[in-house]
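Contents: one structure, followed by commentary.
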Amino acid sequence: MSNPLEELRGECRRLLEGGLRSLSISEPLELVFSKPPSLEMGEVSTSICFRLASKLHRSPRELASELASALDASSSQLVESVEAVGGYINFHADIGEFSRLTLETVLKLDEEYGFLKAERPERVMVEHTSANPNGPIHIGNARNSILGDALARMLKRRGHRVVIHFYVDDMGRQVAMATYGWRLLGRPEPKGPPDLWVGTIYASVNVIKEVKRLKRELEEAKTLKAYARVSEINAQLSHYAAAAQELRERDPQLFDRLLEALEDEEDPDGAISRLNAEYERGEPEAKRDVRRLVEYCLKGFKEALGEIGIHFDSWDYESDLVWSGAVDEVINRLRRTPYTRFEDGALVLDCEAVARDLKLKERWGINPRYEIPELVLVRADGTTLYTTRDIAYSLWKFERVDRVINVIGYEQSTAQLQLRIALAALGHVDIADRQRHYAYKFVTLPGLKMSGRLGRYVTLREVVEKAVELAYREVDARSPGLPEGEKRRIAEMVGHGAVKYALLSVDPMKTVVFDWDRVLDFERNSAPFIQYSHARACSILRKAEDRPEPDYGLLRDVKERELIYLIASFPDVFQEAVEALSPQAIASYANQLADKFNSFYASHPVLKAEPEGLAGARLMLVDAVRIVLRNALSVLGIEAPERM
RNA sequence: GGGCCCGUAGCCGAGUGGAUAAGGCGCCGGCCUUCGGAGCCGGAGAGCGGGGGUUCAAAUCCCCCCGGGCCCGCCA
């Protein structure tokens, strides 16, 4: 058995069934258990008497006390006593037996403790990050990466076969724009972090282009004496001028060269569109240049994400999908359905009709009043759109796995729904069902939004760098005697942990306003706080010269019992977190465990505990805390240093 | 106009039907003769945006309203 709490609940269930039998109550009902508000009231409780009461026309209190006295706790080793409290039935565990069961299970399973395996393991694909390859990973994308990485780790620990994919969106106009800028610069090699460098080129081209356009429009408006228009354009101009200023400061040489080169360009937008079309057709020169630039950017992604331990199994290029003919095939198949038509030369999918015919709104719980917008599959000029290519990508994915989780921003909800509808239209309702849009909201900067087009973002690199630096200062101050390499290593674990925890500990559906203080918080309710607790536990264990035989029955104090209960809950927490895809539940659990441990630590000596049996039992407890903290952090992708 | 998401103390934020609504920051007051003070103990501070409803039981479910965000592109 690997779930101590479930074992205790099993005993409670057995007793309860016996009690119901002896009272000749045979109402069919599911025996559900929960946790009483405090340990004084027991470890396990059930509210079935409330449900039973209305069926039997009795009062819950009466029923509960009758039922409780009909239970025979003496037949169970794990359950010590049962009592009825205001309609609830509460079960008290035998302290010694429950502690022994819990702690010995943890110690025995060690790195596997808590990670209950799924009954039916599946092949699961997690697609995450998939940032456009035209700028750096910023703290907004990083929320995606960190969530996706934690989800993948959780699913793996649950026993699923997980593959982690990155979708390289290289077909969009933005990548063509960056490549165009790169050509204007004479195809140079990157300077500094390559993804940031690409982002600077892209944003510079964009901003310079916009300024030029606005200046032209300003002249026109002035000639026409359209004064309202003039002031409107002026406002926009100052907006772009500010962005231009920022970009120029970042790399004056690069910016000025682009500014100069763009002066001579007749029609930059036309050139960008041509490059984009050439690339979609797979023309060699376009292919060579765009791929080259994209590779630079991906190299930067791999560096920035790899530094914090985030890796991918596969990088799938959107362009490959197009060139392979898979996208055309999808389009042809869709054209054979009754749901597509041409409108103004574009091929359109009637999503509403698909949903109606296949009853998708009922199936997916969509508000019937919501009219699903049509989806343009092919433009009038014959080129495809992002979502169209995504349909082909989904089919490709399901040739490989049973289930797909796409970590994608919430703002793409409509597109993701249309994608599933298109899959259903193709006859793959099952695939549509097993494809999950794991949505999260954006990270905003205080006051303003991050913007790749303006080159305005807080990069993951700078956040990580600052966090590690700060952690290093702390480590150096606290443990000056450690070898330099170890201090560095610890500072990385702590700094990376702080950043990850800051993004994992909030509900993905809430917007996060980026705040340096939050990310660099090393106090309670942070990864460093949890890591610190882990290091403290390790420190005690290091100092223990021998391990006296534990007497589990001596772990009677509330703080000890709370810890044991929490430790015993970890398998539940893990399982529920995976089912709900909620890394945050694990983060919050780890923090709670660390919190309780520190409280215990302050008032309960371990090494000097008397008698020996208590010292032995507390050592087991400390060891179990250590294991669970480490396991909980590791499934989130956070390392636990043994000293810091 | 329609749809979706969010709204919990001064601030940040757990908590999706159950018994006293976590925790953190900030504020006030304590704790370095015991294993690491990135710590611990105590105090003040919310009845969960507002109003109805369902239920033995609602921050959690339903309806209406208010505030904020997002989407409704031949962008991605």
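Computed from heavy atoms alone, side chains included, the values below leave out hydrogens, waters and symmetry copies. Every chain is numbered from 1 and lettered A, B, ... according to where its sequence line falls, protein lines coming before strand lines.
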Phosphate OP1/OP2 of [N]: any [X] side-chain N/O under 4.0 Å:
X: A:Ser539; N: B:G36; result: yes
X: A:Ser599; N: B:C41; result: yes
X: A:Arg524; N: B:C40; result: yes
X: A:Arg618; N: B:C35; result: no
X: A:Tyr601; N: B:C40; result: no
X: A:Arg173; N: B:C75; result: no
X: A:Lys510; N: B:G7; result: yes

On a whole-Å scale, what distance lies between the [atom1] atoms belonging to [N] and [M]?
N: B:C71; M: B:C75; atom1: P; result: 16 Å
N: B:G3; M: B:G43; atom1: P; result: 48 Å
N: B:G29; M: B:G36; atom1: C1'; result: 25 Å
N: B:G26; M: B:G39; atom1: P; result: 10 Å
N: B:C41; M: B:C25; atom1: P; result: 12 Å
N: B:U16; M: B:C62; atom1: C1'; result: 14 Å
N: B:G7; M: B:A44; atom1: P; result: 27 Å

Yes or no on side-chain hydrogen bond (donor to acceptor under 3.5 Å, both in side chains) for A:His437 and A:Asn406, after CA distance, side-chain angles and deciding distance?
CA-CA 5 Å; A:His437 175 202; A:Asn406 294 320; over 6 Å; no

What does [X] touch in the nucleic acid at a heavy-atom separation under 4.0 angstrom: a base, only the sugar-phosphate, or nothing?
X: A:Arg51; result: base
X: A:Asp515; result: nothing
X: A:Pro373; result: sugar-phosphate
X: A:Met171; result: nothing
X: A:Ser45; result: base

Closest heavy-atom pair and its distance - A:Ala203, A:Gly452
CB-O, 3.7 Å

For A:Ile530 versus A:Ala594, what's the shortest heavy-atom pair and its separation?
CA-CB, 4.0 Å

Most 5' of A:Asn525 and A:Gly345 on RNA chain B, judged by nearest nucleotide:
A:Asn525

Closest-nucleotide 5' rank along RNA chain B - winner of A:Ser38 and A:Arg389
A:Ser38

Beyond-backbone contact of A:Phe166 with A:His128, side-chain heavy atoms, under 4.5 angstrom:
no

Consecutive-pair stems (3 or more, Watson-Crick or G-U, under 3.5 Å) for RNA chain B
B:1-7 with B:66-72, B:10-12 with B:23-25, B:27-31 with B:39-43, B:49-53 with B:61-65

Could you check whether the side chain of [X] and the base of [N] have a donor-acceptor pair of N or O atoms closer than 3.5 Å, going by distance alone?
X: A:Tyr370; N: B:C72; answer: no
X: A:Asn591; N: B:A22; answer: no
X: A:Ser588; N: B:A22; answer: no

From the list [options], which nucleotide is the closest neighbour of the side chain of [X]?
X: A:Tyr410; options: B:G39, B:C70, B:C75; value: B:C70
X: A:Asp595; options: B:G23, B:U34, B:G36; value: B:G23
X: A:Lys559; options: B:C41, B:C75, B:C35; value: B:C41
X: A:Arg536; options: B:C35, B:G36, B:U8; value: B:G36
X: A:Arg518; options: B:G13, B:G39, B:C74; value: B:G13
X: A:Val606; options: B:G39, B:C71, B:C35; value: B:C35

Looking at A:Tyr472, I'd like to know if the NZ or CZ of A:Arg488 sits under 6.0 Å from its six-membered ring centre while staying within 45 degrees of the ring's axis.
yes

Can you tell me the distance, in whole Å, between the CD atom of A:Gln584 and the P atom of B:U16?
9 Å

If you apply the rule salt bridge (Lys or Arg N to Asp or Glu O under 4.0 Å), what do you find for A:Glu343 with A:Arg341, and how did you get there?
CA-CA 6 Å; A:Glu343 194 166 306; A:Arg341 63 167 202 284; 2.4 Å; yes

Could you go through A:Arg618 and A:Glu560, starting from their C-alpha distance and side-chain angles, then the distance that decides it, and tell me whether this counts as side-chain contact (heavy atoms from CB on, under 4.5 Å)?
CA-CA 8 Å; A:Arg618 283 188 181 161; A:Glu560 292 164 327; 2.6 Å; yes

Validation row, ring centre A:Phe529 to ring centre A:Phe522 under 6.0 Å
no

I'd like to know if A:Lys441 and A:Glu411 make a salt bridge, using a cut-off of under 4.0 Å between side-chain N and carboxylate O.
no

